[in-house]
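Data block below; observations after.
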Amino acid sequence: MNKVKVLIVEDMALTALGMVSKIKKLGYEVVGKAESGEDAITAARESQPDVILMDINIKGMNGLRAAGEILRELAIPIVFTSAYTDDTTRSQINELGVQYLVSKPYDNKLLAKAIEDSLNSKSAATS
């Protein structure tokens, strides 16, 4: 069975390294990292991940705008990762049709559940 391929979008280097470690421990494959919204779009096109972990407040184009473009063009499931979990942020995420927001610091079980749920949602939508 192939490992689930994950793209990490995070502009804080130390946080990104921690995410890579957590993702690998959960049994997933990290296929790339991006530090800006523009880089996230390019990396998603190139690596064709199964799911993207996307920080909202990143360099350049923010994660919400980048996610919108990725969803329109590539339809790759996105799990937002952010310290911002207020109602406005949640509303913006819902407008994109994304259901998953994991707050920082990450809980491994919640992160794994969000990844699996986002993949299952995509499978159900394409069935």
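Keep in mind that the numbers below use all heavy atoms, side chains included, and drop hydrogens, waters and symmetry copies. These figures come from a predicted structure and were not determined experimentally.
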Inset, instruction - Enter the distance from T81:OG1 to I8:CD1 here, rounded to the nearest 0.5 Å. - result: 9.0 Å
Inset, instruction - Determine whether L111 and Y84 fall in the same hydrophobic cluster, where Ile, Leu, Val, Met, Phe, Trp and Tyr are linked whenever their side-chain heavy atoms lie under 4.5 Å apart. - result: no
Inset, instruction - Considering non-hydrogen atoms only, spot the tightest contact between N62 and L64 and give its length. - result: OD1-N, 2.9 Å
Legend entry - In one Ile/Leu/Val/Met/Phe/Trp/Tyr side-chain cluster, 4.5 Å: M61, L74: yes
Inset, instruction - Verify the cluster assignment for V31 and V20: are they in a single hydrophobic cluster under the rule of side-chain heavy atoms below 4.5 Å apart? - result: no
Legend entry - Check: D117 and Q99 side chains under 4.5 Å, non-hydrogen atoms: no
Inset, instruction - Apply side-chain contact (heavy atoms from CB on, under 4.5 Å) to the pair I70 and M54, showing each step before the final yes or no. - result: CA-CA 11 Å; I70 290 167; M54 175 85 69; 3.9 Å; yes
Legend entry - Working for salt bridge (charged side-chain N to carboxylate O under 4.0 Å, His left out), residues K59 and D39: CA-CA 10 Å; K59 298 174 187 170; D39 290 345; over 6 Å; no
Inset, instruction - Can you establish whether the number of heavy atoms outside D87 located under 6.0 Å from its atom CG is more than 12? - result: no
Legend entry - Same apolar cluster: L119 and L26, side chain cutoff 4.5 Å: yes
Inset, instruction - Could you give me the CA-CA distance, side-chain angles and deciding distance for K25 and K22, then say whether side-chain contact (heavy atoms from CB on, under 4.5 Å) is met? - result: CA-CA 5 Å; K25 283 180 183 174; K22 284 185 181 194; 5.7 Å; no
Legend entry - Stepwise side-chain contact (heavy atoms from CB on, under 4.5 Å) test for I58 and E10: CA-CA 7 Å; I58 52 176; E10 171 62 61; 5.5 Å; no
Inset, instruction - Apply side-chain contact (heavy atoms from CB on, under 4.5 Å) to the pair I115 and I23, showing each step before the final yes or no. - result: CA-CA 10 Å; I115 290 170; I23 293 305; 3.9 Å; yes
Legend entry - Heavy-atom pair of closest approach, residues L17 and K33: CD2-NZ, 4.3 Å
Inset, instruction - Provide the closest heavy-atom pair for L71 versus I76 in the form atom of the first, atom of the second, distance. - result: CD2-O, 3.4 Å
Legend entry - For the student: nearest non-hydrogen atoms of E35 and D11, plus distance: O-CB, 3.2 Å
Inset, instruction - Could you tell me the separation between the CD atom of E46 and the CG atom of L7, rounded to the nearest 0.5 Å? - result: 10.5 Å
Inset, instruction - Determine the minimum heavy-atom distance between S121 and Y100, stating which atoms define it. - result: OG-OH, 3.0 Å
Inset, instruction - Search all heavy atoms of P49 against all heavy atoms of A44 and return the closest pair with its distance. - result: CD-O, 3.6 Å
Legend entry - Donor-acceptor contact present, side-chain D55 to main-chain V9, <3.5 Å: no
Legend entry - Distance (rounded to the nearest 0.5 Å) between N94 CG and T89 OG1: 11.0 Å
Inset, instruction - To the nearest 0.5 angstrom, please state how far the CZ atom of F80 sits from the CG atom of L96. - result: 5.5 Å
